[in-house]
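Everything numeric in this text was worked out from a predicted model, so none of it was measured. The chains referred to below are lettered A, B, ... by the order of the sequence lines, with proteins before strands, and numbering in each begins at 1.
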Amino acid sequence: MSDNLPDISHDQHAVRRQKLADLRAAGVDPFRANFATTHFSGDALKAYVDGQENTVTVGVAGRLVVIRDMGKSQFVKILDQQGTIQLYVKKDVVGDEAYAAFKKLDLGDILGAKGTLFKTKTGEVTVRVDSYTLVAKALRPLPEKWHGLADPEQVYRQRYLDLIVNEESRKRLMLRARIVSHVRRFLEDRHFLEVETPVLQNVAGGAAARPFVTHHNALGVDFFLRISLELYLKRMLVGGYDRVFEIGRNFRNEGVSRKHNPEFPMLEVYQAYSDHRGMMTLIKDLLTSLCRDVLGTTKIKHAGSGEEIDFGGEWREVKYKDLIRTATGDADWFSRSKAEKIAKAEALGLSINPAWEEFEITNEIFSKKIEPTLIQPTFVMNLPKELCPLAKINQEDPTTLDVFELTIGGMEIAPAYSEQNDPDVQRTMFEAQAGEDKQSIDQDFLNALEHGMPPAGGMGVGIDRLCILLTSAESIRDVILFPQLRPGAA
RNA sequence: GGGCUGGUAGCUCAAUGGUAGAGCAGUUGCCUUUUAAGCAAUUGGUUCUGGGUUCGAAUCCCAGCCGGCCCA
């Protein structure tokens, strides 16, 4: 190096670009190299045979995340999908030239290394490197090694950095992948068929939510992004698929919060010749098997309250109306006038819109005063009939439905119904809900019901919320790889 | 949409109206079993943006941009 070059030592990006240029000038282009691995880091660590030093050969690859340079030898760590593994690089093993090049590597570079396993004097299984290959140069520096990346905005916008430096995030988001995978396997084992139904719909049915609208140029029509999977999956029941499920994205054009992301994957399951009670068994089996096989425990810490949620015991079953009567201290709540209900709700500290229907006032009490307190798994049974127009009416109390809402950790985890299969009742319910807006009724769905849908139980499970629960996350953003944010400043 | 709160070196954070600092990272040396490796030296700043107050602003005020928490 000549003396009149500008000092770029403060600019890590420039220093790394210079190193890359030097490599290329020497005929080495890391971006045209590759490396054949034989093991992931965790598998390599398991391949070590106690006492057998330098007998097992492995090829591992990953991102350089720790460098401890001791002059003529270095201990470094690389990170791959399974975690980190330590490499020991000695000058007199790899040779002078390769060692000199190794000393020029930066934290963040991606390399492959071949060598033999041994245990250091402090007991860590380590690869004694015979040779290595740089396969990608990192031109930008990693965040700080002790504290990781703490700025929440950068964690969400540049999740890749969060995943490299924050082990907690890495583990939580990998756990999510295993949860979803387990759900699929669980259902497939029970003869459920996974299907895919349209995201672009001309009627956004199956739920009450504000949809996103988009436009199809060739057809010259607007479409809604779906807000629910329900009406298409029920068409599959009509078509003879007796057990179906879909894990599909729903889109709701509403607020963003700790519990809401505008796009979210939803599991919906439908089982012919079952009902909501069948769904209770299914969801309990699913959650307990997730606890057992994925988490390895039936006790989970609830991030909000710090309370321990126990999936192992009996799950509480309680009627919606009884919860309301208890919360209001009024055994005759459901025969009170609207004015009395408003007065009582306001006395409980709620702000009530006088335009609301009575069931909405009651449900405000449920969602604000009751649901957040239901930390242990609780089946809330027999919801009022106004809340779910797609469910069967309960025969003993026709003001309620054959449904439950499974609530855990203060969150609605899984609503399930005995599905309405009477096309005339369904039409009446739709019309009552639609009011003047007849356009919003999915006429083809009613047509399908008229062809005959078998009696069935159906259930929805929000995957994000399930993951919040099972990973004890504080926020939905912690379980979504790339949560929705306002576009960043340019 | 409202209230509170934050934005300072690549990252994590200090600096309470008076010369913008530290640790890590980087750079240069030393060190062939380290574990946040160690030792020595050292570079690095549009204090989010734009206005204002002031002799003087990272700090106070106003507006904006992007977050976080709570509420709707």
Side-chain angles (χ1 to χ4, degrees), chain A residues 1 3 5-19 22 53-54 64-79 83-96 98-100 102-109 115-129 138-162 164-167 210 254-260 303-304 349-353 355-356 360 364 367-368 372 474-478 483-490:
Chain A
M1 293 251 191
D3 293 331
L5 285 176
D7 177 17
I8 56 166
S9 68
H10 62 276
D11 183 344
Q12 303 192 46
H13 188 215
V15 167
R16 287 167 183 238
R17 281 208 171 272
Q18 185 59 52
K19 286 182 179 177
D22 292 346
E53 303 296 293
N54 298 313
L64 199 48
V65 290
V66 173
I67 297 176
R68 297 191 191 103
D69 181 353
M70 287 170 302
K72 297 184 179 62
S73 76
Q74 301 192 34
F75 284 97
V76 305
K77 284 189 180 175
I78 58 171
L79 172 71
T84 60
I85 186 167
Q86 181 165 259
L87 311 180
Y88 183 46
V89 185
K90 282 176 79 170
K91 185 176 185 181
D92 54 17
V93 174
V94 298
D96 291 356
Y99 191 76
F102 197 88
K103 290 197 86 142
K104 289 205 156 64
L105 296 183
D106 290 301
L107 287 173
D109 288 351
T116 53
L117 295 173
F118 74 105
K119 200 176 248 184
T120 65
K121 71 180 187 188
T122 53
E124 181 164 353
V125 176
T126 298
V127 180
R128 182 179 177 276
V129 174
L139 295 172
R140 294 181 185 274
L142 288 176
E144 204 249 7
K145 66 178 176 184
W146 298 357
H147 307 90
L149 190 61
D151 174 9
E153 185 172 355
Q154 218 175 336
V155 163
Y156 302 141
R157 287 195 201 278
Q158 295 180 269
R159 181 66 86 180
Y160 44 90
L161 292 180
D162 174 52
I164 293 166
V165 298
N166 293 337
E167 185 181 15
R210 205 168 137 203
E254 293 166 359
V256 179
S257 80
R258 222 156 48 86
K259 285 184 181 168
H260 299 86
L350 299 172
S351 54
I352 302 297
N353 180 342
W356 282 351
E360 291 176 297
E364 181 73 0
S367 51
K368 292 286 157 55
E474 308 265 350
S475 162
I476 199 169
R477 298 184 197 99
D478 296 334
Q484 203 67 49
L485 296 181
R486 202 180 282 276

**Q** Start at the 5' end of RNA chain B and walk down; is the nucleotide closest to A/G123 or to A/R258 reached first?
**A** A/G123
**Q** Provide the distance between the two P atoms, one in B/rA40 and one in B/rC4, to the nearest whole Å.
**A** 49 Å
**Q** On the side chain of A/Q86, is there an atom forming a donor-acceptor pair with the base of B/rU34 - under 3.5 Å, no angle test?
**A**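 When only heavy-atom distances are counted, A/Q86 does reach the base of B/rU34 through a donor-acceptor pair under 3.5 Å.
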**Q** Would you mind pulling out the nucleotide paired to B/rG23, Watson-Crick or G-U wobble, both distances under 3.5 Å?
**A** B/rC11
**Q** Please measure how far the C1' atom in B/rA58 lies from the corresponding atom in B/rU54, and state the result in whole Å.
**A**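 To the nearest whole Å, 16 Å.
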**Q** Mind checking who B/rG1 pairs with, Watson-Crick or G-U wobble, both distances under 3.5 Å?
**A** B/rC71
**Q** What is the distance from CD of A/Q12 to P of B/rC24, rounded to the nearest Å?
**A** 13 Å
**Q** Rounding to an integer number of angstrom, what distance separates B/rC13 and B/rC69 when you compare their P atoms?
**A**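 16 Å, rounded to whole Å.
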**Q** OP1 or OP2 of B/rG68 less than 4.0 angstrom from a side-chain nitrogen or oxygen of A/R477, does that happen here?
**A** yes
**Q** In whole angstrom, give the distance that lies between atom CD of A/Q158 and atom P of B/rC66.
**A** 17 Å
**Q** Heavy-atom nearest nucleotide on RNA chain B for A/F75 versus A/A150: which residue maps closer to 5'?
**A** A/A150
**Q** With respect to the side chain of A/M70, which nucleotide from B/rA72, B/rU32, B/rC66 is positioned closest?
**A**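 Within the option list, the nearest is B/rU32.
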**Q** Both distances below 3.5 Å, Watson-Crick or wobble geometry, any strand: find the nucleotide opposite B/rA40.
**A**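 Partner of B/rA40: B/rU28.
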**Q** May I ask you to test the A/K91-A/D96 pair for a side-chain heavy-atom distance under 4.5 Å?
**A**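 Of all side-chain heavy-atom pairs linking A/D96 with A/K91, at least one is under 4.5 Å.
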**Q** Side-chain contact, heavy-atom cut-off 4.5 Å: A/V127 with A/Q86?
**A**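 Contact flag for A/V127/A/Q86 side chains = no.
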**Q** Take a 6.0 Å sphere around NZ of A/K103 and say whether it holds more than 12 heavy atoms from other residues, nucleotides or ligands.
**A**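 Yes, enclosed.
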**Q** Taking the C1' atom of each, how far is B/rC65 from B/rC48, in whole Å?
**A**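 8 Å, rounded to whole Å.
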**Q** Look at all strands and tell whether A/F118 reaches a base, only sugar-phosphate, or nothing, counting heavy atoms closer than 4.0 Å.
**A** base
**Q** Just compare B/rA25, B/rU12, B/rA37 and give me whichever is closest to any side-chain atom of A/R68.
**A** B/rA37
**Q** Measure the acute angle between the ring planes of A/Y88 and A/F118, then classify it against the limits of 30° and 60° as parallel, tilted or perpendicular.
**A** tilted
**Q** Mind listing the closest non-hydrogen atom pair of A/L87 and A/I78 along with its distance?
**A**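 Heavy-atom minimum between the residues: CD1-CG2, 3.9 Å.
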**Q** If you only use heavy atoms from C-beta on, which nucleotide in B/rC69, B/rU33, B/rC31 is closest to the side chain of A/T120?
**A** B/rU33
**Q** Of the candidate nucleotides B/rC70, B/rU33, B/rC11, which contains the atom at the shortest distance from the side chain of A/E144?
**A**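 From the listed options, B/rC11 comes nearest.
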**Q** Not counting sequence neighbours, which residues clear side chain to side chain donor-acceptor pair (under 3.5 Å) with A/D109? List them please.
**A** A/K137
**Q** Closest to the A/Q154 side chain: B/rG10, B/rU27, B/rC11?
**A** B/rC11
**Q** Would you say B/rA25 has OP1 or OP2 under 4.0 Å from some side-chain N or O of A/R140?
**A** no
**Q** Is A/L64 close to A/L105 at the side-chain level, that is, under 4.5 Å between some pair of heavy atoms?
**A** yes
**Q** With both distances kept under 3.5 Å, what pairs with B/rU34, Watson-Crick or G-U wobble?
**A** none
**Q** Looking at every strand, decide which applies to A/G148 at a 4.0 Å heavy-atom threshold: base, sugar-phosphate, or nothing.
**A**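 Here A/G148 touches the backbone only, sparing every base.
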**Q** Over how many whole Å does the gap from A/L139 atom CG to B/rG26 atom P extend?
**A** 15 Å
**Q** Which of these nucleotides, B/rA37, B/rC69, B/rC66, is closest to any side-chain atom of A/V66?
**A**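 Nearest to the side chain of A/V66 among the choices is B/rA37.
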**Q** To the side chain of A/T126, which of B/rG67, B/rU34, B/rG10 is closest?
**A** B/rU34
**Q** Please identify which of these residues, A/V165, A/V76, A/L79, meets the side-chain contact (heavy atoms from CB on, under 4.5 Å) condition with A/V65.
**A**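 Result: among A/V165, A/V76, A/L79, A/L79 is the only option passing the side-chain contact (heavy atoms from CB on, under 4.5 Å) with A/V65.
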**Q** May I ask you to verify if any side-chain N or O of A/R486 is less than 4.0 angstrom from the OP1 or OP2 atom of B/rG67?
**A**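 For B/rG67, OP1 or OP2 has a side-chain N or O of A/R486 closer than 4.0 Å.
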**Q** Hey, are A/Q158 and A/D162 close enough side-chain-wise for a donor-acceptor pair under 3.5 Å?
**A**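 No, A/Q158 and A/D162 have no side-chain donor paired with an acceptor closer than 3.5 Å.
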**Q** With rounding to whole Å, what would you report as the distance between B/rG52 and B/rU16 at their C1' atoms?
**A** 22 Å
**Q** What contact category does A/K19 fall into here, base, sugar-phosphate, or nothing, at under 4.0 angstrom with non-hydrogen atoms?
**A**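 Sugar-phosphate only.
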**Q** When you check the phosphate oxygens OP1 and OP2 of B/rU34, does a side-chain N or O of A/Q74 lie under 4.0 Å from one of them?
**A**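 So the side chain of A/Q74 is outside the cut-off, no N or O lying under 4.0 Å from OP1 or OP2 of B/rU34.
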**Q** Determine the Euclidean distance between corresponding P atoms of B/rG45 and B/rA72; express it in Å to zero decimal places.
**A** 47 Å
**Q** B/rU32, OP1 or OP2 - any side-chain N/O from A/K103 closer than 4.0 Å?
**A** no
**Q** Looking at the side chain of A/K145, which of B/rU32, B/rG67, B/rA25 is the nearest nucleotide?
**A** B/rA25
**Q** How is A/Y88 classified with respect to the nucleic acid when contacts are heavy atoms under 4.0 Å: base, sugar-phosphate, or nothing?
**A** base
**Q** Any N/O pairs under 3.5 Å between the protein and nucleotides 40-46 of chain B? List them or say none.
**A**
from   : atom 1 : to   : atom 2 : distance (Å)
B/rU43 : O2'    : A/D7 : OD2    : 3.2

**Q** For A/L485, answer base if it contacts any base atom (sugar-phosphate contacts may also be present), sugar-phosphate if it contacts only those atoms, and nothing otherwise; contact means non-hydrogen atoms under 4.0 Å.
**A** sugar-phosphate
**Q** In this structure, how many angstroms lie between the P atom of B/rA9 and the CD1 atom of A/I8, rounded?
**A**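 Answer to the nearest Å: 21 Å.
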**Q** Taking the P atom in each of B/rA14 and B/rA9, what is the distance between them to the nearest angstrom?
**A** 12 Å
**Q** C1' atom, B/rG67 versus B/rC55: distance in rounded Å?
**A** 36 Å
**Q** Between A/E124 and A/K77, does any NZ, NE, NH1 or NH2 come within less than 4.0 Å of an OD or OE carboxylate oxygen?
**A**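 A/E124 and A/K77: salt-bridged.
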